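Numbered from 1 within each chain, the chains take letters A, B, ... in sequence-line order. Computed from a predicted structure; not experimentally measured.
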Amino acid sequence: MSSESIVHLVHFLGMLLLITSLGIIASPLLSACIRFYAMHSFLLSLITLAIAYNHHLWHLGISALLTFLLKVIAIPQIFFAISRKIGVRKEVESYINIPSSLFLAVILIFVSFYVTAGAKTGSALSSWEFLPIAIATVFLGMLVMTTRKKAITQVLGLLLMENGLFLMGITMTFGMPLLVELGILFDVLVGIIMMGIFIFKIRSAFEGIDVDDMTVLKG
Amino acid sequence: MSVVGLLCIPFSAAFILLLPWPRKIMRFIFMAGGMLTAASGWTLVFGSHFQPRIFSLGGNLMLDSLSAVFVLLIVTIGVLSNIYASGYLFREGPAELSLGRLRRYAFFFHLFLFTMLVTVLSNNLGLMWIAIEATTLASAFLVNVDDKKSSIEAAWKYLILCTVGIALALFGVILVYYSIASRLPAGEGSDFLQWSFLVDKAAVLDPQIIKLAFIFVLVGYGTKMGLAPFHSWLPDAHSQAPGPVSALLSGVLLSCASVSLLRFHILTKAATGSAFSNDLLILFGIFSVAVAVPFIWEQADYKRVLAYSSVEHMGLVAVGFGFGGLWGIYGALLHVVNHALTKSLLFFCSGHLLYQFQTKEIKKVQGIFRKDPFLGSIFFFAVLAVAGMPPFSIFLSEFFILTAGFLAKKFLVCAILLGLLALIFAGFLRQGSHMTFGAYSGGAPLRERNVLMDGVLAVGIIVIFVMGFYIPGPLHELIRQASLLAGGNTP
């Protein structure tokens, strides 16, 4: 493939990425949220691979592979296992309903494109075009974290944020040094496992995983 | 003793403790690990003969005077907390912790020490970020030792809020990396995130991007440091963790976050050549002190009062960094040391109080002095010390910070700060004297405390008393060099 068509492909993938993040916000079912997250991560690893191929950066190839293994296979599986064990299927409970959160999401996307419009283009290191998408993903992750009631979807929002930061890293700087990239992925994996353990503890102590119920500590 | 050697000790101690030892042997290994870590930390710092910089692991780890101060702090408070916990959590008899929970505690305790040491020793900004995130992961299970409802809630909030905060700091790290990678030709890629390299090359960095990065790092590491308004996890985690863990969280973990912030501050100042980061630090610092005032006055739970006082003191440290100059940085670093010693002593006292009264409510705690003059006098002196009473060490460092403010001609800020400190002093005196004096309100203590716990208190009060008059020569020299390093070329 020519370098030109790869650039087009990467942009197309970027748009799909934004759509899948909206999918997480729009779907009322937890299993659908997890699938959308897996899809999001899959697109992320494709983008990484395309950039690695286009610029002949082998360390990005490793990042792409690890992203695929960890975020497309391992983490969604962990999530499915947790949701099966604690028996949460529906995630309708959110502080604001789905149409309004979609509306908020669209506003956030506009904001991220607007604030980065002034950023300089055509710098030495490619793709400033991805900056608004990365920032929008971080914002949408925060939106999921703040509007959903279940502890497990808060973690999903956190992961969405992390994907946004990863996208920013690979498109702005062609990825951080491999050592750092590996360390971040390791932290993410351990973090998810720890949070999973705590979700079980919350369920047995509070008889549910609504973060609303956690009101023992105040002031 | 090498840097890597120091890191190996707590790391291997953690994994040795995972093996199925009986209670007595586990306690022995737990204590031995803590003391070995402390001994090698002291040898490393004082045995290095104050060489300016010692690099290891390809420049990713660095021991300079700044990190030396914090290594000293981590291992010292670490060993005190270790000894206290050996008496407090490893007790036998009624209401003892199960062996499984003890093993979990011992494992995460040493892992926590390891991650904090990596945080302060890392020269690579990416590695520093990874280590700070790892401190959160390692300490979540220390906050939740007993699996009570409130501890689980505190640990969950701590985990989620700090992870989000630190994720924002990653944004800042990426921006710093971008600013150097876009200006220099690739090839030196592996050095690009190294702090010492970045400070040398500060002139070529884009000031706008570095400013943006500093804002994100301030929010991210500020969350971990407990600066208001990002502090909401702090009172929960500090009040729910057992005493020796609260001492570590408050005394050392917050300080580790502050040194990471200081490193970014030094970088920002070198790259922008402006007072941009100084002003932000002063703003958030003052706000933190102000936020703490009403809570210190009105809070009903004594461990939460102590937690809000940590918010206040971290605010003061940020203000000291912001004032800058030799006095400001020296005062702030000395304040970090003094706060760590004093606050950990108070949290150790809270462990004694919980034994005696079985409650954390201030209302129900009265007459400590009449029942137990030893505990009562140490507790009351420590309260006076943390409120900033003259013969104790915290007064000295607060005085230095304010001196720096006057030297920097920030009179309004200093005036506000003095007013707030007076209010906090009065609040502490009110709460502290209520608890210490009057008729004894508790019953018979649930459990006998032991000599290890009492010993830690005695050592603590002597140290903070002496530090008020006399800063030991080597420590003074270390902090002075660190503040020269951080003050850079400021007037």
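- Ranked by heavy-atom pairs under 4.5 Å with chain A, the list B:Ile174, B:Asp301, B:Ile160, B:Leu170 is led by B:Ile174.
- Residue contact with chain B, scored on non-hydrogen atoms closer than 4.5 Å, involves the side chain of A:Leu158 exclusively.
- Heavy atoms of A:Ala134 lying under 4.5 Å from chain B are absent altogether.
- Using a 4.5 Å heavy-atom threshold, the side chains of A:Leu140 and A:Ile24 count as separate.
- Other residues, nucleotides and ligands contribute over 12 non-hydrogen atoms within 6.0 Å of the CZ atom of B:Phe15.
- Among the candidates B:Val173, B:Leu127, B:Asp147, the residue making the largest number of heavy-atom pairs closer than 4.5 Å to chain A is B:Asp147.
- Proximity to chain A (any heavy atom under 4.5 Å) is restricted, for B:Gln240, to the side chain, taken from C-beta onward.
- Of the N and O atoms on the side chains of A:Ser45 and A:Lys71, not one donor lies less than 3.5 Å from an acceptor on the other residue.
- When each of A:Glu162, A:Met168, A:Met145, A:Met142 is checked for heavy-atom pairs under 4.5 Å with chain B, A:Met168 comes out on top.
- Neither the backbone nor the side chain of A:Leu178 comes within less than 4.5 Å of any heavy atom in chain B.
- Neither side chain, B:Asp206 nor B:Ser179, offers a donor N or O lying under 3.5 Å from an acceptor on the other.
- For B:Asn144, the part sitting under 4.5 Å from any heavy atom of chain A is the side chain, from C-beta outward, and nothing else.
- Between the side chain of B:Ser250 and the main chain of B:Ser246, no donor-acceptor pair closer than 3.5 Å is present.
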- Query: Taking it one step at a time, do B:Glu153 and B:Lys149 satisfy salt bridge (charged side-chain N to carboxylate O under 4.0 Å, His left out)?
  - Reply: CA-CA 6 Å; B:Glu153 180 182 339; B:Lys149 221 170 160 175; over 6 Å; no
